[in-house]
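Letters go in sequence order (proteins before strands), and every chain restarts at 1. Heavy-atom basis, side chains included; hydrogens, waters and symmetry copies ignored.
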Amino acid sequence: SQQGEEDPQALSIQEGENATMNCSYKTSINNLQWYRQNSGRGLVHLILIRSNEREKHSGRLRVTLDTSKKSSSLLITASRAADTASYFCATASTGANNLFFGTGTRLTVIP
Amino acid sequence: NAGVTQTPKFRVLKTGQSMTLLCAQDMNHEYMYWYRQDPGMGLRLIHYSVGEGTTAKGEVPDGYNVSRLKKQNFLLGLESAAPSQTSVYFCASSYGLAHYNEQFFGPGTRLTVL
């Protein structure tokens with residue numbers, strides 16, 4: 001399976017702290033995407049990083065990509081209770097028509 | 001714009017019954033996808049479509065059929081439901097190929113097969 005794996009499976013932090021979650025994947029990729037899923041809702045796209053990029057920022061989000069280690073990390077700075085959700089990485093291989101999703105990290109931010 | 005919508009939101013079936021899940025998008029996207037989400041498994045692709053009139057198998061296509069007669073609609077059918085098909089089903093769409101584009105998701109359909 002090309003499915004990625006997130007680490008940790010669950011993370012609980014206090015509001016205001018930073019949250020870091022990691023994603024490892026198995027095959028060569030063209031891009032890696034991060035999505036958020038609030039409980040009972042569909043997934044929402046957060047950020048896309050291409051294989052030739054090493055770091056990307058979007059607001060309080062920072063994503064890094066290390067293609068030599070086949071891994072990525074998502075950092076959420078100054079977390080808020082509203083950041084409580086599951087976070088998924090998804091990879092797309094070159095020429096692929098579809099994404100392969102990881103198993104997710106469940107983040108809980110305690111007010 | 002409504003984005004991606006799915007009907008129904010919830011459904012309970014008995015083993016052997018059939019049903020169709022409807023996905024609609026108003027973003028003029030070429031690509032549409034059906035996923036299932038099971039606890040601890042992430043999302044797995046069932047079928048997808050790269051344009052009107054086309055469909056292709058994903059990672060877990062067995063027991064499902066799809067049709068894309070109109071660009072804005074993507075239907076997922078279960079001909080003879082089984083308890084193993086109890087899951088949450090998500091539809092998604094994108095402007096183009098996955099390796100360049102983000103996907104937009106619907107709110108999901110929770111299906112229980114007894």
Linked, directly or transitively: B:Leu75 and B:Leu111 (ILVMFWY side chains, under 4.5 Å): no
Residue A:Gln9 versus chain B: region with a heavy atom under 4.5 Å: neither
Interface moiety of B:Gln6 toward chain A, non-hydrogen atoms closer than 4.5 Å: neither
Residue pair A:Tyr35, B:Glu102: steps toward the side chain to side chain contact (heavy atoms under 4.5 Å, CB included) verdict: CA-CA 9 Å; A:Tyr35 288 80; B:Glu102 65 182 276; 4.2 Å; yes
Any side-chain heavy-atom pair of B:Tyr48 and A:Leu99 under 4.5 Å: no
B:Glu79 atom CD: more than 12 heavy-atom contacts under 6.0 Å: no
B:Phe104 versus chain A, the contacting section by heavy-atom distance below 4.5 Å: neither
Hydrophobic cluster membership, B:Phe90 vs B:Met32, 4.5 Å side-chain cutoff: no
Distance-only side-chain donor-acceptor flag, A:Gln33 / B:Gln103, under 3.5 Å: no
Reported CD-to-CG distance for the pair A:Gln37 and B:Leu43, which is rounded to 0.5 angstrom: 7.0 Å
From A:Asn31 atom CG to B:Asn101 atom CG, the distance as rounded to the nearest 0.5 Å: 8.5 Å
Heavy atoms from other residues, nucleotides or ligands near CZ of A:Arg80 exceed 12 (cutoff 6.0 Å): no
Over 12 foreign heavy atoms within 6.0 Å of CZ, A:Arg106: yes
